[in-house]
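A quick note: this is a predicted structure, and the numbers were derived from the prediction, not measured. All ligand and atom numbering here is 1-based and tracks the order in the structure.
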Amino acid sequence: MNFERLRIRLILAFMLVSLVPLASLGYKLISQGETLIEERASSYLNGLSKQNTEAVKAFMLERVNDLTHLSAMICILNPETAKLATLLEQMKDRVPSYLGFFALNRSEKLVFSTRNLSMELLLDQPFDAVKHTWMGASFTDIFTFPLGLEKAGQQKVEQETIPALMICTSILQTSQINCSRLCAVIDFRFVDDLLRKSNIEDTGEVYLVDDTGRFLSASRFGARPLADSIAIDFSDGQAHGLHEIVDYRGEQVLQAYQKVDTFPWYVMADQDVAEIVNRIRNLGREAMVYGMLTALVVFGLALFISTIIVNIVKAKYQYEKELEFQVIQKEKLASLGLLTSGLAHELNTPLANALLYTQIAKEELAESKNEKIHHHLSTVIDEVRRGSKIIRNLLDFSRHSQRDDQATDTNKVVTKLMDITRPHCTAKNISVITALEPEIPFVKADASTFQAILTNLVANAIEAMAKGGVLTVKTRYLQAVQKIKIEVADSGPGIARQEVSKIFDPFFTTKKPGDGTGLGLFISYEMARKLGGDIKVISATKEDAARSGTIFTIELPVA
Ligand SMILES: Nc1ncnc2c1ncn2[C@@H]1O[C@H](COP(=O)(O)OP(=O)(O)OP(=O)(O)O)[C@@H](O)[C@H]1O
Ligand SMILES: [Mg+2]
């Protein structure tokens, strides 16, 4: 099974499932964002033009109010020219948007002016050209006012021209007074300042034009009042609107316009289309970055989840493989067992016969005292014995029924075995110690299997103590795990460290031919495992510890 391919497929599927809806959502949001930016720009420009129209109107209203109040004062003062002059001079100095004041009589002749407005200058101006009336005042169009001439009579300092406007209000007529109108010349650049406050971002600007498109205020990017103009047509009479046009600089702009009531003036608020498009592009770029980040996070998540899934599948797959292997192994062992028992049975008789006849031949030869033939025959006898011992062991193993529903008295079997063994041990100078826990439960095993396991371990222990020693057998009940523990310990030479791992292998033996087959521990271990138990070993040689010896522990479940 290719787990790497599974992982890649899982990642792809996961990314597809999560990124496709995310991408379509992103696309929808971006297009909505674009519309929103456009709408916001339009409504913002509309708002700006409206708001500035109000500002211009407020500016004009303030001037009209000033003039109305001043006209009333003139009546009250019943003009003593000196007082009037002081009053108007003060007003001019206090409010810088006033260039000066003057008064006209009934025949529209100039009868008074503040110091800075000379007759010469005023006579040139179209103050009789009243064009508009608003809030009881009359206005001229905006005209070019030569600032340098202010100081008339002296040498001309500097000829700067500025946009200006005249406002006049009527003076209440009394017998003593020969004035009909009070007028003010207003510096219209103050409207520039007013509008300039609304310039926005990099290219947004607000300015005032008249109904022919001529600039009445200076613009942010250098259009001059009364000199420059934009190509625009207000003939449709619309008081406000929004359009995309090429402006005085040749730039494509989105522009909102709003008429200032009564006056033929329009407040224009615009912004370069390029800047708006840029904003949209930036939105796209931002969306792209966020999209990439999201994709990265999703990828990380997909990698994490797919790794977990693949690991689970892998573990399950390996577990199943293991199970399959064990089943095959069991089947193999079963058929091997069958084969071995058959083979053992078939071989046992000829081997026994061969042994018998070799022994007879050896006895008959004894008389002729042929040493060499004697030695050869002894070897044959040893080998045949060894062969038949192997066969006996295998036969025993295959014959054991190992029914695990049987119960055997632990202490009884141990005691019986030790009783049989004791004389043999005494002969070999081995003292036997048994420490059996009383009232111990039965083991869950048939008597012959349990006895076979125990016999093998005791035989090994005795064989290990060729020069005598101590053989200890203990039994214990491990209540917590419901097991019986039988310990067979000897004070023999111990097992070398490199051999410990091999002693349970079939046919591993350190004994000379004829003495050991190397099947004892293998068979005992297999039997114990089949009963649900285990055999463990602890051993120390002279090199490892002060006292050598080996302890085998059998653990079997209680019945
Ligand atoms: N108590 C022990 N002390 C030292 N070595 C041991 C002990 N028990 C087992 N061994 C070592 O483990 C080897 C394998 O033991 P096992 O019982 O399987 O076979 P064997 O005793 O050699 O032959 P068989 O049991 O057929 O007579 C032994 O040859 C021996 O080297
Ligand atoms: Mg043995």
Please list the nearest protein heavy atom to [atom] with its residue and the distance rounded to 0.1 Å.
| atom | value |
| --- | --- |
| atom 9 (C) of ligand 1 | N460 ND2, 3.5 Å |
| atom 11 (C) of ligand 1 | I503 CG2, 4.0 Å |
| atom 18 (O) of ligand 1 | L521 N, 2.9 Å |
| atom 27 (O) of ligand 1 | K389 NZ, 3.3 Å |
| atom 21 (O) of ligand 1 | K511 NZ, 2.6 Å |
| atom 13 (C) of ligand 1 | F508 O, 3.9 Å |

Does any N/O atom on I495 come nearer than 3.5 Å to any N/O atom on ligand 1?
no
Is there a nitrogen or oxygen of N456 sitting under 3.5 Å from a nitrogen or oxygen of ligand 1?
no
R7/E4 under salt bridge (charged side-chain N to carboxylate O under 4.0 Å, His left out): CA gap, chis, key distance, verdict
CA-CA 5 Å; R7 190 210 300 270; E4 234 7 80; 3.2 Å; yes
Do E244 and Q255 have side-chain atoms, one donor and one acceptor, less than 3.5 Å apart?
no
Centre-to-centre under 6.0 Å for [X] and [Y], is that the case here?
| X | Y | answer |
| --- | --- | --- |
| H240 | Y266 | no |
| F504 | Y525 | yes |
| F14 | F299 | no |

Report the part of L457 (side chain from C-beta onward, or backbone N, CA, C, O) that has a heavy atom under 4.0 Å from ligand 1; answer both or neither where that applies.
neither
For ligand 1, note which part of F504 has a heavy atom under 4.0 Å away: side chain, backbone, both or neither.
neither
Look at [X] together with [Y] and state whether they make a salt bridge at an N to O cut-off of under 4.0 Å.
| X | Y | result |
| --- | --- | --- |
| R476 | E487 | no |
| R529 | E526 | no |
| K50 | E54 | no |

N460 backbone or side-chain N/O/S under 2.8 Å from the Mg ion (ligand 2):
yes
Output, in order, the C-alpha distance, side-chain angles, deciding distance and verdict of side-chain hydrogen bond (donor to acceptor under 3.5 Å, both in side chains) for T379 and D382.
CA-CA 5 Å; T379 312; D382 281 351; 6.0 Å; no
Considering the heavy atoms of [X], write down every atom of ligand 1 situated less than 4.0 Å from one of them.
| X | answer |
| --- | --- |
| T517 | 23 (O), 24 (P), 26 (O), 27 (O) |
| F552 | 1 (N), 8 (N) |
| T510 | 28 (C), 29 (O), 30 (C), 31 (O) |
| T509 | 20 (P), 22 (O), 29 (O) |

Measure from the side-chain N and O atoms of S49 to the backbone N and O of V267, and report whether any donor-acceptor pair falls under 3.5 Å.
no
With distance as the sole test, does T408 use its side chain to make a donor-acceptor pair with the main-chain N or O of A445 at under 3.5 Å?
yes
Heavy atom to atom 3 (N) of ligand 1, shortest distance: which of A464, G516, S491 holds it?
A464
Nearest non-hydrogen atom to atom 23 (O) of ligand 1 belongs to which of G518, P506, G494?
G518
Are D490 and ligand 1 in contact, using a heavy-atom cut-off of under 4.0 Å?
yes
